[in-house]
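See structure below.
None of these values were measured; they are calculated from a predicted model. In what follows, chains are A, B, ... by sequence order, proteins preceding strands, each numbered from 1.
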Amino acid sequence: MNAIRFLPSDGLPALLSCLVKTGRRILAPVEKPAVKSSVVFEPWSEGKPLTLQKATVPAKEAVLPQCETLLSYRQTKNADTAALNLDDTPNAQPTVVFGARPCDACGYAVLDRPFLQGPFVDPYYRARREQLVVFTTTCGSGCATCFCHWLGGGPSSPEGSDVLMTEIEGGLVLQSVTDKGAELLNSMPPAAKLADGAPVFRQAEEARKKAWASLLPAPDIKSARQAIAGIFSDANFWQEQTDRCLSCGACTYFCPTCYCFNITDEGDGYEGGQGGRRLRSWDNCMSSQFTREASGHNPRTDKALRMRNRVSHKYSFYPENWGAASCSGCGRCVCNCPVYLDIRAIVLAAIKHAGDK
Amino acid sequence: MKTTVAYYPGCSAHGFSVDYEKSTQAVCGALGIRLNDIPDWNCCGSTPAHAVDTELSAALCVRNLDNAVKADANELLTPCPSCLSNLRHAAKRMEDPRFRARVDELLDNPAPAVFPEVISVMQGIARRFDANALAERVKKPLKPLRLATYYGCLMSRPAEIMDFGDPENPTLMESMLTACGAEVVDFPLKTVCCGASFGIPERAVTARLSGRILALAADMRADALVVACPLCQMNLDLRQKQAEHAADAIFAMPVLYFTQAMGLALGVPPGRLGIEKLRVNANGLIDKIEAAASGSTAPVEGSRP
Amino acid sequence: MPVLEGKELRIVGFLCNWCSYGGADAAGVGRAVQPTDLRIIRVPCSGRVDPIFIVKALLNGADGVLVSGCHPRDCHYSAGNFYARRRLEVLKQFLPVLGIDEARFEYTWVGASEAQLWQHVVTTFTNRVHALGKAPRFDAVEPLLKIADMALTALRPLGTGKNAALPKLKEAIKAKLPELECVIGWQQGYDEARTVPLFARTPQDVDKFVWGPFNVNNPAVYLPTFRGKKVGIVVKGCDARSVVELLQENLISREDVILFAMPCEGTLDMARIGEKLGRYTTVDAVVCDEASITITADGKEHRFCMADFAQGKCYGCATPLAALSDVSFGAPVDVKPVSATPPELALLDSLSLPERMSFWRGQMGKCLRCYACRNACPMCVCRDYCVSDSRDPHWMSQLADEREKLFFQTVHAFHLAGRCTGCGECQRACPVGIPILALRQQIGRVIEQLFESYKAGTDPAAAPPLLTYMPQEKNIHERGWK
Amino acid sequence: MRIGVFICHCGSNIGGTVDCAKVAEKAALFPDVVYATDPMYTCAEPGQATIESAIAEYRLDGIVVASCSPRMHEPTFRRTVERAGLNRYMLEMANIREHVSWIGKDVESNTNKAAELVAIAVAKLRGNTPLHSKSFEVNKRVLVIGGGVAGIQAALDCADGDIPVVLVEREATIGGKMAKLDKTFPTVDCSACIVGPKMVDVAQHPLIALYALSEVEEISGYVGNFTVKIRKRAPYVDWDKCTGCGACSVKCPSKKTPDAFNEFTGVTTAIKVAFPQAIPKKAVITAAHCRQMSRGKCGVCAKVCPTGAVNYDMEDVIVTEEVGSIVAATGYDLMDWTVYKEYGAGRYPDVITSLQYERLLSGSGPTCGHIRRPSDGREPRIIVFIQCVGSRDRSIGRPQCSGFCCMYTAKQAVLTKDHLPESQSYVFYMDIRAPGKMYDEFTRRAVEEYGVEYVRGRVSCVYPDGKGAYSVMGVDTLLGRPVEITADLIVLAVGIEGSRGAGELAEKLRISYDNCGFFMESHVKLKPVETNTIGVFLAGVCQGARDIPASVAQGSATAAKVLGLFARDRLENDPQIACVDMRRCVACGKCVRCCPFGAIEEVSVRDEQKAHVIETVCQGCGLCAATCPQGAVQLAHSTDNQILAEVNTLCRY
């Protein structure tokens, strides 16, 4: 099943309105004006301006929120009895991510593997993921920090997306790439202003080809997994690579594929002192607290060791477990880093260093 | 170099203390300070309004201050300590927004937000001419004179409003007269009441209080008392006979305005200083100065390098 | 706990055990009738009251907070209230920048025998809070996004540092290198328009040094991590202030650091450059003349005049060359410092209290808690043990809500009170462009006003003002309870 | 945790305006509360029994008592809890009497407020942990600072109790102000005759080590274990050799040295023994006036000294003493009376202080006990005493009464009449304060037998009348008339303040002091000689105006405190103190810098610098906890988490 539609430039609000009417939450990129402006995904509502620019923050939020309540409890007491009411219903609602980029969408595929395909399925993740439809805008060109094509992706790669949207003159071509996407496109009423896209699909294909052609040639990083594993214990190498790292969490929190989390029980004082909650929030392996044990011992006290873990996880451990890198090449870790630490450079240096040995 | 300063003469300047006014104008003129009367000034409210109604009294002052603001003044000089006291009190009281609101009701126009600083003529001169600058301009030093300074009760008090140095022991006049060449005695009664306010209802009290001041000045072998207040001057000079009665002594103590003393030093002709208006004859002083001046080789105008 | 609806507001009191708690007891013994709103938390000393307890209360539903301790000089612990006075005064003057009415917080001194005074204080403060009404809820205000006006005039001509003595610097570094662990400076990043910190360990590394308006990073941030090892550091004037502050706080020692001072002609505001270049672009070329930079990105040329695109701090900078250095490559510039309100703070000054709260709600909505702000801060030395995510003490919830995020920023600002040199790295590091520097600037301004123009990082021997006191504070005046 | 809550009715004191049963009902629902009840009188025996049995029956881990102020009964309930087998610190109190029931009558509001106060107490208790005191040894030696009569008494009483004493005196002799007085009121005893023997006792007591001409330089440590550095200023005379014979001062050519002992009413020699009864009776050189030392030419004293004791090259010496307790008895100095310009204070030679007058009266003074005017040496006929010069005067920031001036003024007026039968004295006073034994009788005698004219009123101005006398202008407020007196001599009863340098010493002792430099006692009524620093006691005028008998009594009182403290071999600390989480500490030193007690030191732990709280020094103020940015220092039972729990209980939307 395949659906191809054309949406005229002025039809965006109409389509989004219709999507809202299906009872879904629409997460769309919104520009936040500031001296340094940013683009973030936010729930869209009628009349709200949106942008199709590549967002500053990926739409990971849709499946893995910054913080979610895994369970909450409330104690009810009276003179004779005490009861504890627990609520661990996942906080999930049908959602459309509208205007992701292929690298964002690829992130969902990366997250799916550990959360859904491993020995344990995460019910919270699943509840959200199953109800998610991803509309992805294909990219028109690469940029200095993009490197999706190093990792097998590309400006119109469909991995993780349900619908691909390509900008052509006068509007957008919408192409479903999954059944879920096709179903949703097919269910759109006329008010959504969607026209048949087949006649203009060629134009979309042209645009995509042009984007591919604009990319700089990608180096071969197939050997990265072995190379990185091979220099795991070469402390000097990692030290040199991480001199300037500040150990903040920008790289991981802006990454569409990072999924480490922390769980905090916050008991006292909530619910009028009668209850509490268990929170799951993003965590990041660049923080020294990430591996601090209850005893106070920390196996990764040094930022070099933490960077080694981050790079190894993305290019070595994860590929070993799942057959693909846990990196979509979106480049956000590079451009959002306060010291522009470049993971590409580290991977290339690792390959070179391993080769030298 | 001429500078122009806003000036509030007060009512006595046009009445019984015309000699104070004359000498003030003459001294300022000699120093190149031009005193500009603020337009359309009125009574400062000193008597009797301030005793009866502080708001009304303040309204009178504020109107004067407003006129000064309209004349673009940020500093206002007045010779009379009583005026000075009232103007400064009014400005201080206006800091209370409730007081200000009530005064505004009494006025045609609301009071300006910021008032000019009101200071005495004495301070006004001292701000522009320090002791050295003053000494440079002295033509006839008061060298032969031994003077006692008397500020009266109002000039320096209350300290938090008048801001006139040590409220019990102000020394500004001393420094100016010393610069004029005079020998100034440390006069302990310089801020003690002369009794002027009892001048009408309790003359005996006034005579006793004035007598004490005059007697001490005489005991300290002062040639003259130098004052800065029209009321003090009138009291100590005009009523000196009554005081003599009370003290059982003969004083013959000239009571000069500080501007008169300074005027003499600056070479202003006595006629322009209103010296002749003094009840106790001060010609002896003038003679002493003249004698000293002619005895010495006084520099001739223009001969200085 | 909910307040008695319609009757009471939520007023929290922190009372020292020795004087004010006793004063409140005495008022009770004297049956001095008081409003019932106040809830007293007993603490040993007013010095125990960390100002951020108060922020916590105010952000979480308190309508008023009152701190009361012993009269100055009566402290049971001799000096606790002296410290409290400084810290609480700074807090009081800081609160408005968050959009919180400072009248909702008060501190005072009540002795154990002053029952009547206590009654008067409680009654007056409660009435005051009632007059202000219920405090606005931070999560109930509409977000507001406003942009600071960055059109500024510099105190001195800004330039690109094209003629700086870079070769000489390299030579000097090479000469010193053998005795040093490394020398910290700048090198080119992933393109010509981005420089990144460089840690030179070999002469070859030294050749990578660059100098110019792209050298935005503050290398001082790395110094404490080298504690005990001798390192060199190349500094701009502003970076040197961070070094001085680190010295002031004994976080590094003077003999362990060699400062190479370069005369800075201004650095670029990469935030505004980024806006012009576009978010995801490729820089093709960078060309530099004496007063401007031309960057070609995605085939398009952009010319940036230094006078228009410098970092906010550069405009008011009067010390482009480090005052403290071991090797210096320029002469101090004679610039008279002018006290001007920095643009981020000027923006907040122009807003009403409710608007400020809306502003922060809008800004904090973007925050991901990546803590780049904290980690880029050269003065944040406890970062591995930051209270932001510890459970003991458990200052902050991990909830992704704007209030907690703003609370963290307040904590950071407070921990920097009297220590922040205004380098602006926190704001520069923020990937989503939250103007958090304004909070530090407000504290800086308050500190300057209260403590005789104290500026952090200018005198290695000065005591940071919140870590000391004067028995008689010049600029902190007790407020009467009239 | 299992918590029990006890809501006390306190009869009707609380129960009258708080629905205690309802508060207990609400409290039962609070987290971890397993038992809540509302006894009638919790502090009474049955109430305490209720607590004890509830702790056993409900296996409670901690309790909250909501009753009166913890400042009242916290120790009581701590003992109760301890008797029931719990750690005494597993108790929190909610003050629902002084802070609730007694200050309002609205039962609904009061009940709600009481319940909330219980809620925060419960929230705090949940963070409590059992605490245990540390015990430490006591060094049974005492330092007495100040060798005035109070210090002498403290030193003698301690030494008689077999406690070795280190007595430090700033001047060259002990005796203090009392040694300068001619006579004492109301008995008109010779002052030097009664204090002299005590001074000798000090000198001869085997357990007293006297450091004269010495000052306390530095104090560290804590109760039981103070380390004190004492600066012995150089007297330029080797005191081990000096016999006090006085040959040196007889020959000293520098005879115009201002005489501090005589309050600068006369001159003396550059080398001298302070006064004939001085203890130690040793010579001292005033360097600034010694010809040898200022001009390098003279050396007469060195030549005439029979024992060769003079040594112009002497330097200050710092000695260290270890003591377990400190008595501060530093006395007073006169405030700067020259602020009274209207009295010509400091300007007119015949306007003098009462202490100067005391020297004029004294047989050992500059005039050998003859009253003569400083200006011309004439005997005065009319003498005016002005009281309250620098006391009870808000305009110069001295609102307090200096206590003993009324009495000594009466004494001086009486003595004046004795010395000069033809003289007439006037005393300007505000109120006569003569509350001591035989005091009022004495002032009456001054008026009735000695004809002293007491004028109730203030003096506005004193000025030379130009005829060699002074006009004193004042007011008689009883007659409502101005008064003017022509006087020959004016004696000002100058107000007192803590002795010079008291503030600095207070900071070294880590005790508080007031605006006038008087040390603060722990409690004005109930702990009058204790300070807030345990082990430091106060005697005499250093804490406020008091006369000789009161100073002596206080000297003895401090000795009793010291002996009481030293009765035990080991002391225990209050365990509610700060503690550093070594892992969180980054050794930034902020806590070290702030601690008012010097209780935090930096230590090296596995080659890393860390802050460490000296448990016995920490007083538990918590300033460090509020200062540490990463929360590495926590104050037991006032931890961040506990205060946050309280805040969170109250403020959460």
Side-chain angles (χ1 to χ4, degrees), chain C residues 1 4 7-8 10 12 17 21-22 24-25 27-29 31-36 39-45 47-50 53 56-57 60-62 73-80 83 87 113 119 137 139 249-251 381-382 384-387 390 392-395 415 463 467-468 471, chain D residues 69-71 95 97-100 102-104 106 108-110 112-113 116-117 119-120 506-507 510-515 520 532-533 583-584 586 588-590 593-594 596-597 619-623 625-627 629-632 634-635 638-641 643-644 646-653:
Chain C
M1 299 194 114
L4 270 186
K7 241 181 175 177
E8 287 184 357
R10 175 58 78 221
V12 182
N17 178 50
Y21 199 91
D25 283 355
V29 172
R31 308 297 196 273
V33 175
Q34 298 156 40
T36 54
R39 303 286 178 267
I40 294 171
I41 293 175
R42 182 165 72 131
V43 289
C45 175
R48 172 68 188 95
V49 184
D50 192 327
F53 283 127
K56 180 90 182 169
N60 287 269
R73 284 213 173 93
D74 274 8
C75 178
H76 181 81
Y77 304 103
S78 82
Y83 288 97
R87 295 169 185 184
S113 58
Q119 179 190 28
R137 283 175 63 143
D139 59 357
E249 299 183 24
N250 293 328
L251 293 165
V381 287
C382 43
D384 283 356
Y385 291 93
C386 178
V387 293
S390 86
D392 188 11
H394 194 173
W395 280 94
H415 285 172
L467 299 180
T468 181
Chain D
S69 171
R71 285 164 57 96
N95 183 348
R97 192 177 75 178
E98 284 85 345
H99 293 185
V100 181
W102 276 353
I103 59 165
D106 181 335
E108 187 204 7
S109 301
N110 281 359
N112 175 59
K113 182 174 179 181
E116 291 192 2
L117 293 183
I120 61 175
E507 275 156 29
R510 305 180 192 285
I511 59 177
S512 313
Y513 58 104
D514 68 14
N515 282 328
M520 303 290 294
N532 289 335
T533 300
R583 288 173 301 183
R584 298 186 73 81
V586 299
C588 67
K590 294 184 179 67
R593 214 190 270 246
C594 286
F597 303 96
Q619 303 286 307
C621 69
L623 186 59
T627 302
Q630 66 270 38
Q634 292 293 338
L635 179 65
S638 240
T639 62
D640 286 349
N641 275 359
I643 297 177
L644 283 167
E646 293 177 90
V647 171
N648 287 341
T649 303
L650 291 170
C651 310
R652 179 166 301 282
Y653 59 59

When C382(C), C45(C), G61(C) are compared by non-hydrogen pairs under 4.5 Å with chain D, the top option: C382(C)
So that I can tick it off, tell me whether E8(C) and K113(D) are bridged by a salt bridge, with the cut-off set at under 4.0 angstrom between side-chain N and carboxylate O. no
Polar side chain donor-acceptor pair, N648(D) to N60(C), under 3.5 angstrom: no
Given heavy-atom pairs under 4.5 angstrom as the criterion, report whether the side chain, backbone, both or neither of T639(D) touches chain C. backbone
Need one label for H415(C): side chain, backbone, both or neither, based on atoms under 4.5 Å from any heavy atom in chain D. side chain
Looking at E507(D), R71(D), M520(D), which has the largest count of heavy-atom pairs under 4.5 Å with chain C? R71(D)
Looking at side-chain heavy atoms only, is the closest gap between Y21(C) and N95(D) below 4.5 Å? yes
Can you see which heavy atom on E98(D) is nearest to which on D25(C), and at what distance? CG-O, 3.5 Å
Do NZ/NE/NH1/NH2 and the carboxylate oxygens of E646(D) and R42(C) come within less than 4.0 Å? no
Select one option (side chain, backbone, both, neither) describing which atoms of I120(D) are under 4.5 Å from chain C's heavy atoms. side chain
Counting heavy-atom pairs under 4.5 Å with chain D, the top scorer among I41(C), V33(C), N250(C) is I41(C)
Is D139(C) close to chain D through its backbone or its side chain, or both, or neither, when contacts mean heavy atoms under 4.5 Å? both
Looking only at heavy atoms and a cut-off of under 4.5 Å, which of K590(D), R510(D), R97(D) has the most pairs with chain C? K590(D)
Does C651(D) offer a backbone N or O that forms a donor-acceptor pair with the side chain of R10(C) under 3.5 Å? no
Kindly compute the distance separating CG (D50(C)) from CD1 (I643(D)), expressed to the nearest 0.5 Å. 9.0 Å
First locate atom OG1 of T627(D), then atom CZ of R48(C), and finally report the distance between them rounded to the nearest 0.5 Å. 9.5 Å
OG1 of T36(C) to CD of E108(D), rounded to nearest 0.5 Å, is 9.0 Å
Please identify, among G80(C), S390(C), P471(C), the residue contributing the most non-hydrogen atom pairs under 4.5 Å to chain D. S390(C)
Nearest atoms (heavy-atom pairs only) where L623(D) meets Y83(C): CD2-CD1, 3.2 Å
Any sub-3.5 Å donor-acceptor pair from N641(D)'s side-chain atoms to D392(C)'s backbone N or O? no
Between K7(C) and S109(D), which heavy-atom pair has the shortest distance, and what is it? NZ-OG, 3.5 Å
Residue part contacting chain D, namely of L251(C), when any heavy atom lies under 4.5 Å: side chain
Where Y385(C) and R583(D) come nearest, the two heavy atoms and their spacing: CZ-O, 3.0 Å
Interface residue of largest heavy-atom contact number with chain D, from R87(C), R31(C), Q34(C), under 4.5 Å: R31(C)
Heavy-atom closest contact (G620(D) atom, Y77(C) atom, distance): O-OH, 3.7 Å
When only pairs under 4.5 Å are counted, which of R593(D), H99(D), Q619(D) shares the most heavy-atom pairs with chain C? H99(D)
Between V12(C) and chain D, which part of the residue has a heavy atom less than 4.5 Å away: side chain, backbone, both or neither? side chain
Quick one: what part of A32(C) sits under 4.5 Å from any heavy atom of chain D, side chain, backbone, both or neither? backbone
Looking at chain D, which one of A79(C), A62(C), A57(C), P35(C) has the largest number of heavy-atom pairs inside 4.5 Å, strictly under? A57(C)
Closest non-hydrogen atom pair, V381(C) against V586(D): O-CG1, 3.9 Å
Name the member of E249(C), R137(C), Q119(C) that forms the most heavy-atom pairs with chain D at distances under 4.5 Å. R137(C)
Assert top hit (heavy-atom pairs under 4.5 Å, partner chain C, pool P596(D), S638(D), C621(D), S69(D)) equals C621(D)
